Amino acid sequence: MEPKYGSMSNFVAMTNREIASAFRELGQLMELHKDNPFKIRSYSNAYLKLRKMEKPLVGMSEEEIGSLDGIGKAMTAKIGEMLETGQMATLEKWRDKTPLGVRQMLQIGGFGPKKIRAIWKGLGVETIGELSYAINENRLVELKGFGEKTQNELRGKLDFFQRSQGQFYYRDLIGPANELLNRLKNLWGENVRTELTGELRRALPTPSAIEILTTASNADFEQLQAIDESAFRFIETVEPNSAKAEFHEIPVTFYRCTLTNWGSKQFRHTGSVSFVQTFAGRYPKLDFRDLPTEQYIFDKAGISYLPPELREEEWGIDLAVNNQVPYLITTEDIRGVVHAHSTYSDGIHSLRQMAEAARDKGYAYMLITDHSQAAFYANGLKPDRVVEQWKEIDALNEELAPFRILKGIESDILNDGSLDYEDDILAGFDCIIASVHSNLRMDEQKATQRLVTAIQNPYTHILGHPTGRLLLSRAGYPIDHEAVIKACAEEGVAIELNANPARLDLDWSWVPFARECGVKISINPDAHAMGGIDDIQYGVFAARKGGLTAEGCLNAVGAEAFLKSLR
């Protein structure tokens, strides 16, 4: 009798669907690389055939598998290989040829290999985060077969995919969190105290859930469990004083307490685990239970009150102990929109529209910083278009005064660390942000030297998004942060805290060292549309985590003071 697959001791129990999915992935990867269309079609057909089979492939003989409609000799061997080892060598070969992020894009529903290839090869996008950023910067419409409608559809599909990965941008949770709070207050009434806690309250850039502290009673929670709608789903009561739910597919954790121990519970759930443990370890003889407000906790310890954002690491406790807690910057402190793009390069709105939007939002000035000529993928400005923009700025400034548009550029830092454009062009800008956008695969020494060289250029005023990272997808090129920050201190160059929720670069954890060295931080929206100006608030949240004050922020002053503070 012919042996059946699955009889060996090293048998791996793959299901029909798992085997079918392997053929589907193989066909998709081959299509990504524009390989043999006949094989691609046969693998796609095998996927459709095998995933519907009721009889398990496990235990079938080679002859039985080979007799299946559309399953030839080569495919039978691949199925046997997977049943015996759990892998397919051919599939692994194609996986090795394809960046992980590109492979992950295949998991986005309705986003096929042809469009992925167009974005991968046409824009150099290789991760989910880079794809999200490209969509937000309106880059996809530059590609053949991509219009604004297609780009917006993909935005929705990508948002759904990212929601399933366990972490979120702060921006994507804070809105639903506040909506949920309002709904709970309407449900339970004003007598039930309900507030945010946890990662969102301390403004973690990539929180994993909405966490809520509430004084809700058992009866209140019975109301919650009775809700039957698509937006909200109660999952379970984990223990008497906590529960799990979902709101718009976002994980939600409820913590219950009373008014008498509110302060103790809010303190415990707000701080990071290491922060709370360190705090408790410093005051082992004090009992911090059953306190009604957080202020009681700090008073009992004999130290200054510490804002939630600073309850991430131990140095926050040191500030409170030494009575050095700073008056943290607020969104209202920001006077100017620094780092904005228009239709001159890759922005969605015109220079006039961006300026009027900034003015109408209450800002005193805007530094327009379209991409420089080396950023050809972003329609970077050639010298003649720079001069054209300067003329329009002069005309708009006469019309929009006292609001003011400053002449800037986001100059690419070239591979050797030099800036884009010749000196005669660079000298004409009011302010230059120097940023790396290409050749990102550098080791630490190369990346650091490239940045330091750019910082030492006398025309550099602000170092843009220092590591090039994209949160949740790209760690950014490695740099010696201390060396880069010290170079900025020596040259009088400010550092950008890019407020785009996908960047937040410089990371908040380096803000204290930058300020210790005397380096100013510029909180910049990197706005590619009028709505992008509002991203300033996320940069402020991140800056507060780093203890930034208005005094330490480059654009928390008027236009003249801003220009005077530049080197």
Side-chain angles (χ1 to χ4, degrees), residues 129-139 155 158-159 162 167-178 200 203-207 309 328-342 345-349 353-371 378 408 410 433 435 437 462 464-474 476 494-508 511 521-546 548 550 553-556:
E130 288 174 339
L131 174 60
S132 177
Y133 198 72
I135 291 172
N136 288 334
E137 291 197 333
N138 206 38
R139 296 275 174 82
R155 188 196 310 275
L158 181 59
D159 178 65
Q162 288 180 313
Q167 280 188 307
F168 303 82
Y169 297 134
Y170 177 90
R171 169 198 61 196
D172 294 339
L173 255 62
I174 193 63
N178 287 327
L200 272 181
L204 197 70
T206 54
E309 297 93 330
L328 300 178
I329 191 168
T330 67
T331 305
E332 291 72 26
D333 290 322
I334 305 299
R335 300 286 308 282
V337 177
V338 174
H339 195 161
H341 298 264
S342 72
S345 62
D346 60 344
I348 294 176
H349 295 114
Q353 289 173 312
M354 293 297 289
E356 290 179 342
R359 178 200 61 187
D360 294 345
K361 292 175 186 292
Y363 296 102
Y365 59 97
M366 178 183 73
L367 175 71
I368 189 71
T369 51
D370 278 302
H371 285 285
E410 185 178 15
I433 298 175
S435 307
H437 290 112
I462 302 172
H465 44 72
T467 72
R469 77 175 183 185
L470 292 176
L471 292 169
L472 304 183
S473 73
R474 187 173 78 197
I495 297 180
E496 172 180 84
L497 196 166
N498 190 294
N500 185 304
R503 284 194 184 273
L504 297 180
D505 181 22
L506 181 76
D507 188 79
W508 64 268
V511 171
I521 302 297
S522 188
I523 300 177
N524 303 344
D526 196 357
H528 285 72
M530 293 185 291
I533 294 171
D534 294 332
D535 284 350
I536 286 174
Q537 62 184 308
Y538 305 115
V540 169
F541 293 149
R544 287 172 63 88
K545 285 192 72 62
L548 188 68
C553 180
L554 185 70
N555 52 329

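Note that the structure is predicted; figures quoted are calculated from it, not measured. Excluded from the calculations below are hydrogen atoms, water molecules and symmetry mates; all remaining heavy atoms, backbone and side chain alike, are included.
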Scanning both residues in full, the closest heavy-atom pair of Cys553 with Ile329 reads CB-CD1, 3.5 Å

Closest heavy-atom pair, Tyr363 versus Ile536, reported as atoms and distance to 0.1 Å, is OH-CD1, 3.5 Å

Does the side chain of Asp505 come within less than 4.5 Å of Pro466's, by heavy atoms? yes

Heavy-atom nearest pair, Leu200 first then Ala177, reads CD1-CB, 3.6 Å

Taken to the nearest 0.5 Å, the spacing of Ile348 CD1 from Asn138 CG works out to 4.0 Å

So CZ of Phe541 and OG1 of Thr330: to nearest 0.5 Å the spacing works out to 10.5 Å

Between Glu410 and His437, does the side chain to side chain donor-acceptor pair (under 3.5 Å) criterion hold? Intermediate values first, please.
CA-CA 10 Å; Glu410 185 178 15; His437 290 112; 3.2 Å; yes

Tested for side chain to side chain contact (heavy atoms under 4.5 Å, CB included) against His339, the lone hit among Ile462, Ile523, Thr369, Asn555 is Thr369

Using 4.0 Å as the upper bound for N to carboxylate O, is an ion pair formed by Asp535 and Arg171? no

#### Entry: Check: Arg503 main-chain N/O paired with Arg469 side-chain donor or acceptor under 3.5 Å
yes

| query | Can you tell me if His349 uses its side chain to pair, donor with acceptor, with the backbone of Gly347 under 3.5 Å? | reply | no

For Leu504 and Ala542, the nearest pair of non-hydrogen atoms, with its separation, is CD2-CB, 4.2 Å

Between Ala550 and Ala556, the two heavy atoms sitting closest are O-CB, 3.6 Å

So NE2 of His371 and OG of Ser342: to nearest 0.5 Å the spacing works out to 10.5 Å

Going by heavy atoms in the side chains, are Ile433 and Asn524 under 4.5 Å from each other?
yes

d(Gln167 CD, Asp172 CG) to nearest 0.5 Å is 12.5 Å

Scanning both residues in full, the closest heavy-atom pair of Ala499 with Tyr538 reads O-CB, 3.8 Å

Side chain to side chain donor-acceptor pair (under 3.5 Å) with Asp526: of Asn136, Asn500, Asn498, only one passes, and it is Asn498

Could you tell me if the side chain of Lys361 sits less than 4.5 Å from the side chain of Asp534, heavy atoms only? yes

